[in-house]
Amino acid sequence: MHIRMYNFVSDLSLSAQHVQAPEFSPLLIHPDHHEMLYIIEGKVQLNSIDHSYEVTGPALILIPLNTFHQLIHISKHYSYAYWELEDHAHESFPQPRQCTIWNTLQCSTDQTAPLIENLFQRMNALVALLSANWVQQHPDIIHEMAHADLTTILSLTRHVLSSYDKLGDNITVSANKRIASTKETVEMLVRWMEESYWDNITLQTLAERVHFNSSYLVRMFRRYQGETPFQFLNRLRMKAAISYLANSNLTVEEISYTIGYQSIHYFSRLFKQTYGKSPSQWRIEHKIPSS
């Protein structure tokens, strides 16, 4: 398991309000990384295309890779931490179905159960450690220090899930002031594209954002990601397209605009090149019935 990113978020200044997102607002995605979202305090709502969880801290939400999600703050005071994890062999992170069960339990289970209480105590200790000033001054050791604790915490979640797995669907940083290396800059750009793939993104937009020459950016992006920026962007958008086609009632044209394409003809042509059939035909074969 590799930790790509960790961050701690706290906001005590917003007035209490529940801002309802637009019905089909774009969602975030981390295509090759899972995410652990630990709500330390406060009340939040996590939405994905097919699930919605309203939880009050302490609560641990597990977000598997390729899951579109959106976090809405409900309470005035809140704080949370999150980790993006790479676990290609799926040796540590629970499967998507197990994540759904676990997240649902976070909305309703008795958090005073000994094992759950121990899990949150360990999460709190980890957050406190990683938020310490001396740790923030040595960012290179943050991932190393967190790895063992996160592995243990995921083991605890799998142990809890072992007693629920058969129930299935019935379960109702401080800024780093170091000069970023080229690899870190590319990784930063990848995260930004994951969070903004629906915008009108051009090569000039990307180059200006990281202060790279356009041709140098393409060359370095390919070196570290194995594809060009626009191959990566189109892959993000295609993953978004099949998720919307399978889980929503948006028209093909609405999906095209929602994920960042201004031309439905270009979107349809690219989709067919990627999946071997038109968006409409793909939807007929893969649409998930509404519950």
Side-chain angles (χ1 to χ4, degrees), residues 1-14 16 28 30 33-47 53-64 67 69-87 91-94 98-164 171 173-176:
M1 181 177 68
H2 170 72
I3 302 171
R4 177 173 76 160
M5 183 177 181
Y6 157 76
N7 203 0
F8 171 79
V9 179
S10 177
D11 195 328
L12 305 180
S13 62
L14 293 182
L28 305 184
H30 309 302
H33 294 79
H34 308 283
E35 182 174 329
M36 294 175 66
L37 172 64
Y38 180 52
I39 309 303
I40 303 167
E41 62 177 351
K43 189 175 184 179
V44 302
Q45 179 176 315
L46 183 82
N47 297 325
Y53 309 103
E54 188 170 293
V55 298
T56 301
L60 175 63
I61 299 296
L62 303 179
I63 306 173
T67 299
H69 57 282
Q70 173 191 63
L71 186 66
I72 298 177
H73 308 131
I74 297 177
S75 62
K76 178 180 179 180
H77 303 300
Y78 62 86
S79 61
Y80 58 87
Y82 65 88
W83 294 262
E84 294 174 14
L85 309 174
E86 183 178 7
D87 186 24
E91 295 174 353
S92 301
F93 208 89
Q98 294 175 311
C99 291
T100 299
I101 296 173
W102 174 266
N103 295 340
T104 303
L105 289 172
Q106 297 302 289
C107 302
S108 59
T109 193
D110 180 9
Q111 309 290 32
T112 62
L115 191 57
I116 299 293
E117 188 174 6
N118 290 339
L119 186 151
F120 291 153
Q121 288 174 351
R122 188 137 190 171
M123 291 295 301
N124 289 334
L126 176 59
V127 170
L129 176 64
L130 298 183
S131 301
N133 289 334
W134 72 270
V135 174
Q136 294 302 314
Q137 294 169 9
H138 300 84
D140 290 339
I141 69 172
I142 288 180
H143 292 182
E144 181 179 347
M145 296 173 66
H147 187 275
D149 277 340
L150 293 181
T151 300
T152 301
I153 289 164
L154 286 172
S155 296
L156 290 174
T157 64
R158 292 196 304 274
H159 181 74
V160 173
L161 281 167
S162 64
S163 61
Y164 289 97
I171 296 290
V173 166
S174 297
N176 184 351

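Note: hydrogens, waters and symmetry copies are ignored here, and every other heavy atom, side chains too, is used.
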Nearest non-hydrogen partners of [X] and [Y], listed with the distance:
| X | Y | value |
| --- | --- | --- |
| Ala59 | Phe120 | CA-CZ, 3.9 Å |
| Ala81 | Ile40 | N-CD1, 4.3 Å |
| Pro64 | Leu62 | CD-O, 3.6 Å |
| Ser75 | Lys43 | OG-N, 2.8 Å |

Please round to the nearest 0.5 Å and tell me the distance separating atom [atom1] of [X] and atom [atom2] of [Y].
| X | Y | atom1 | atom2 | answer |
| --- | --- | --- | --- | --- |
| Glu54 | Ile74 | CD | CD1 | 4.0 Å |
| Asp149 | Leu154 | CG | CG | 11.0 Å |
| Thr67 | Glu35 | OG1 | CD | 10.0 Å |
| Leu37 | Trp83 | CG | CH2 | 9.0 Å |
| Leu60 | Ile153 | CG | CD1 | 7.5 Å |
| Gln98 | Asn103 | CD | CG | 11.5 Å |

(request) Look at the side chain of Glu41 and the backbone N and O of Ser79, then say whether any donor-acceptor pair between them is shorter than 3.5 Å. (result)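 Pair absent, no side-chain N/O of Glu41 close to backbone of Ser79.
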
(message) Apply side-chain contact (heavy atoms from CB on, under 4.5 Å) to residues Val55 and Leu46 and explain how you reach the verdict.
(response) CA-CA 8 Å; Val55 298; Leu46 183 82; over 6 Å; no

(message) Tell me whether the rings of Tyr80 and Tyr82 are parallel (<30°), tilted (30 to 60°) or perpendicular (>60°).
(response)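 Judged by the thresholds at 30° and 60°, the geometry between Tyr80 and Tyr82 is tilted.
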
(request) Compare all side-chain heavy atoms of Thr157 with those of Phe93 and state whether any distance is below 4.5 angstrom. (result)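 Side-chain contact under 4.5 Å: no.
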
